[in-house]
Amino acid sequence: MICLTITETSTEDTCRVIQNLSLDIEAIECRFDCIVDVDTACIDSIGSCLQKHRPKVSSIATIRRAQDGGRWSESEAARLALVRYCLQSGFFTYVDVEEDVYDTVVQAHKDGPTDKSAENDGIKGSATSTVICSFHSCSTFPADLRDMVHAMLTLGTPVKIAVMVSNSEEQLQLFQLARYLEKQCRQWFILIGMGPYGVFSRIMYRQLGFFLTYAHDAEEAPAPGMLSYAALRDEYRLGLHRKDTPLFGIIGNPIEQTRSPRFHNNVFTKASIDALYVPFLIDDCTRFMQLVRSLGIRGFSVTIPFKREIVNTLTRVDALAERCGAVNTVICEGDDYVGYNTDYIGFLQPLRPILATQSDDTDKLMRAAVLGAGGASSSVIAGLLELAFHVTVFNRTLAKAQSIAQRYPERVAAERLEKSIPFGFDCIVQCTKIGMYPDTKASPIPDYAFQGNEIVYDIVYNPVQTAFLSRAAAAGCICINGLAMFEAQAQAQATMFARAVASNGTVPMT
Ligand code: ATR
């Protein structure tokens, strides 16, 4: 289930959120450390509000220290007194207690109330709270995490582990820990990978075996990498999936600009396909492929900068991907992982009809400039050659442009990317990440004066209208933004993913 973490700063606002909770919310976490001047009266008010308005919603009481990513700023003794109070109050289904204070808090609880007000008032709520034993490491993935977890399991209570994940190696370790917990933990567990590299664990929590995943409804995520409740419910539709739901995804670095998860999860929902598509920020294709095999991921998209590198980790690539020298789609076929390319057809789709309306002089030599020499560029160049263009590829690193040009010595030339390019190109295609979110003000070839007769194509789709395209449009050029290419390549991928689900990952693609 998805647990909404409430981080309001006052009792009134927390109660307002509880009263207005949407009916599909099954669990909430009250982060009392976020409430200014929190005291036992505040816990009573919120607990009573929960009992009155949302008696069936599971609740977690948490008072998080700063060192664990929380906002508690008073003394540890005062905090522990409130944690004990939460435990004694009987208002909450669960109370989060950090592993290093577990003995102190739980033993004191067993020995009877120690807090004065609790002693006076006795148990108020109707629940017998279960302790969640938690461990947080907000900046590192601890080397001795397995030992720590092993010790926590001996307590016989549910455990929550949240650790910073900073690379693909640690993503793999997180997965291995999840498998260990699934085998060893007699209670339920939560294992959160924090930070952008850990986002996948928050989305595929059910496939990793966790009891719940946390989500927020605030302007800013209260923990690094935590997603909004709306994103988990509406975009990823987590409520619909099972533990064995087929998994798909996208790898890239950066990845936050991608619209692929929204696109593919939407397609799955509309076609009533039980499948989940997850973004993975990665830094190592080989490590990621280990995760793919371990998790049984059925297929994935590949974006910047891995479209070439991924090829070395695959069993084979199909003829078109071979021709393009780049893979943007990987499908699991039995024991094999096969690379495909849908960028090529995606690129051509919006360009062909424009050229069809333009080409009155069919014998004219068409010249194209391609900015960038990465994986996307090589698919674009293969497409332009198919359309009979002669191409000059401009790249910051000249050697990469030359390496592409060497493959087509008759028709592709290489130049270093400077602030401008010569005049005379009929089509200019922007394939670098310059101008892509979040650096949206940047624009390549800033000194080039568009003539107004060029077709200008930017394959960046976030933002849809890049600064580069705005300059071209102002000069009267025919402009193509990256959205059409994105949708066409994604649609072709979606067809492959649907087939991979239907074939259960065992039948070769046709
Ligand atoms: P993709 O697979 O999406 O093509 P890629 O293979 O990493 O991603 O290629 C990115 C392209 O953008 C490269 O041509 C890169 O130039 P270098 O080969 O010199 O690295 C280009 N690029 C990225 N950032 C750039 C920048 N700030 N200025 C100029 N070119 C840039």
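Note that the coordinates shown come from a computational prediction; the quantities given were computed from them, not determined experimentally. Just follow the structure's listing: the first ligand is 1, and inside any ligand the first atom is 1. Both backbone and side-chain heavy atoms feed into the values below; hydrogens, waters and symmetry mates do not.
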Which protein heavy atom lies closest to atom 26 (C) of ligand 1, and at what distance to 0.1 Å?
-> Arg396 NH1, 3.2 Å

Is the closest side-chain donor-acceptor distance between Glu415 and Thr392 under 3.5 Å?
-> no

Is there a donor-acceptor pair under 3.5 Å between the side chain of Arg146 and the backbone N or O of Leu177?
-> no

If you scan protein heavy atoms around atom 8 (O) of ligand 1, the nearest is Ile304 CG1, 3.0 Å

Short N or O distance, Gly372 and ligand 1, threshold 3.5 Å exclusive | no

Between Lys400 and ligand 1, does any nitrogen or oxygen pair lie at a separation below 3.5 Å?
-> yes

Taking only Lys NZ, Arg NE, NH1 and NH2, and the carboxylate oxygens of Asp or Glu, determine whether Arg316 and Glu333 approach each other closer than 4.0 Å.
-> yes

For atom 23 (C) of ligand 1, which protein heavy atom lies nearest, and how many Å away is it?
-> Lys433 CG, 3.7 Å

For Asp283 and Asn167, test the side chains for any donor-to-acceptor distance below 3.5 angstrom and give the result as yes or no.
-> no

Taking atom 9 (O) of ligand 1 as the reference point, the nearest protein heavy atom with its distance | Gly374 CA, 3.3 Å

Residue pair Arg471 / Ser443, side-chain donor-acceptor N/O under 3.5 Å = yes

Are His264 and Phe248 near enough that their ring centres are under 6.0 Å apart?
-> no

Are Asp343 and Lys307 within salt-bridge range, i.e. N to O under 4.0 Å?
-> yes

Decide, yes or no, whether a salt bridge links Arg367 with Glu454 under the criterion of side-chain N to carboxylate O below 4.0 Å.
-> no

Go through ligand 1 atom by atom and flag the ones less than 4.0 Å from a non-hydrogen atom of Ala373.
-> 14 (O)

Any nitrogen or oxygen of Thr432, main chain or side chain, under 3.5 Å from a nitrogen or oxygen of ligand 1?
-> no

Name the closest protein heavy atom to atom 13 (C) of ligand 1, giving the residue it belongs to and the distance to 0.1 Å.
-> Asn395 OD1, 3.9 Å

Can you tell me which residue and heavy atom of the protein come closest to atom 28 (N) of ligand 1, and the distance to 0.1 Å?
-> Ile434 CD1, 3.3 Å

Quick one: nearest non-hydrogen protein atom to atom 19 (O) of ligand 1, plus distance?
-> Thr397 OG1, 2.5 Å

Lys307 heavy atoms, cut-off 4.0 Å: which ligand 1 atoms fall inside?
-> 2 (O)

Taking Phe300 as the fixed residue, which of Tyr277, Phe288, Phe306 is the one that meets the ring pair (Phe, Tyr, Trp, His ring centres under 6.0 Å) rule?
-> Phe288

Can you tell me which residue and heavy atom of the protein come closest to atom 7 (O) of ligand 1, and the distance to 0.1 Å?
-> Pro305 CB, 3.0 Å

